[in-house]
A.B. asks: 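Pasting a structure here, questions to come.
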Number of protein chains: 4
Amino acid sequence: MIFDIDTTSSLPIYAQIVAQVKHAVAAGIVRAGDTLPSLRETSSRLRVNPLTVSKAYRQLEAEGIVVTDHGRGTFISAKLADLGEEYRRKALDKAADRLLVEAYHLGASADEIRLAVENRLRKMRDV
Amino acid sequence: MIFDIDTTSSLPIYAQIVAQVKHAVAAGIVRAGDTLPSLRETSSRLRVNPLTVSKAYRQLEAEGIVVTDHGRGTFISAKLADLGEEYRRKALDKAADRLLVEAYHLGASADEIRLAVENRLRKMRDV
Amino acid sequence: MIFDIDTTSSLPIYAQIVAQVKHAVAAGIVRAGDTLPSLRETSSRLRVNPLTVSKAYRQLEAEGIVVTDHGRGTFISAKLADLGEEYRRKALDKAADRLLVEAYHLGASADEIRLAVENRLRKMRDV
Amino acid sequence: MIFDIDTTSSLPIYAQIVAQVKHAVAAGIVRAGDTLPSLRETSSRLRVNPLTVSKAYRQLEAEGIVVTDHGRGTFISAKLADLGEEYRRKALDKAADRLLVEAYHLGASADEIRLAVENRLRKMRDV
DNA sequence: GTGGTCTAGACCACA
DNA sequence: GTGGTCTAGACCACG
């Protein structure tokens, strides 16, 4: 589980962490019982205040997505009924919407949008 | 052009206005040259401070979506795509990247991404 | 980075701050990564409202001259020229046009314009 | 005497008119005794409120640059001691400064600036 | 009538 | 500590 943070984004850092954990769960990248990286490891890797990571983990705990065993670590919860296929689909649609609205304001045609997506897909595959 | 604000949303009021104008432009509900409701009309109708509306309009102006004629009002910009080809391409690639990163975290396949884009393209065309 | 404000000027306070930051950057007085004084420090030193300073900083951010890290502060941007070649060229041409229109109205010859540009280039280099 | 107005500029329309008359005087394009276009002609040509033109002419009169004969028209004043060579030089230097600061923030080199100026000079000559 | 600027002060979110 | 948002209300400039 690796995090990818943009400190200048208008989305707060803690929310970026929350979203990425949720996505990883929805995608099946992490499963019930898996361990999240420790507060210290995450905060030093991201060069971010430990309190910020803590806040993210606490919110995930409040949402029932992770459980914390004091002194042992933070784990993905066993009961994840509320995430899953519908969450994934909605999140993906929302992301596609954001692209389209932005593209519209740039005056891009449907084909230009498709082309851009294909180009980036190819680029990511290469990485 | 009527606005619909949710004061309890975590999205700031000014950002909701910005988003709604963008969507109205993208959906063809308003067109180049159309007048936006005046600051005062909008602020009294939404029961928010004129400064808040002004902030939204100024951001729209900064993005080139509206122009304001001092003393006359605020209008949808005539030249929505006069940005320079390279700038447009870069901005479009960036927007596509954001979609792909989000999709990657959701574990979506290339085909799922394509499908989501096509669905939203079709939906926008229908509006 | 110290600001020097003239409240009686017709130029708004926030625009004076913007101009002074730009000049400081152009003159090499501040460099990429440098911290701007905090909103509160600047506002108390200048005896102006924090919102006024904030407005200036946000405009600088919109122009890509500074970036702000929420909760940490406002910094001179590292990538002052990452705009795309065509965008840069167009913006430069536009700026040159503004000079020529002004010069035209003043009845200046091509050589007078060249001379003025060279004089100012030399002056900036000396700073 | 033809005016060239940008209604979206942050410089007010009346100030643009004032500046252009001053520049025309400084450049020797108009001379003492010459007639300014009538309020009506100017306002209809520029598609601007007559009050705006009137305000510009009144300011020019207050500065002693024009005199108004009621019912006959507005004329360039006979005594123009305060405008002239120094005004021209200062205005030109200021305009050159604006170009250089802007160019700096675009990351342009001295040669790029010179090139842009030469290009636009050539373009204007062709018009 | 329009939008622009500023103040004083509150409250919140983030790190 | 940092910046972000909003209010209520004033005053000004422009058309």
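The chains referred to below are lettered A, B, ... by the order of the sequence lines, with proteins before strands, and numbering in each begins at 1.
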A.B. asks: Under a 4.0 Å threshold between the charged nitrogen and the carboxylate oxygen, would C/E102 count as salt-bridged to C/R98?
C.D. replies: no
A.B. asks: What distance do D/I17 atom CD1 and D/L46 atom CG have between them, rounded to the nearest 0.5 Å?
C.D. replies: 5.5 Å
A.B. asks: If a protein heavy atom is under 4.0 Å from the base, mark B; if only from the sugar-phosphate, S; if neither, -; do that for nucleotides 2-7 of chain E going 5' to 3'.
C.D. replies: BBSSBB
A.B. asks: For a 4.5 angstrom cut-off between non-hydrogen side-chain atoms, does D/Q59 reach D/Y14?
C.D. replies: yes
A.B. asks: Does any N or O in the side chain of D/D93 come within less than 3.5 Å of the main-chain N or O of D/K90, such that one atom is a donor and the other an acceptor?
C.D. replies: no
A.B. asks: Can a donor-acceptor pair be found between the side chains of A/S44 and A/R40 at a distance below 3.5 Å?
C.D. replies: no
A.B. asks: So do B/Y57 and B/L39 actually touch side chain to side chain, heavy atoms under 4.5 Å?
C.D. replies: yes
A.B. asks: Show me the dot-bracket string of DNA chain E, counting Watson-Crick or G-U pairs under 3.5 Å, with | for pairs to another strand and [ ] for crossing ones.
C.D. replies: ||||||||||||||.
A.B. asks: Any idea which heavy atoms bring C/S77 and C/G64 closest together, and the distance?
C.D. replies: CB-O, 3.4 Å
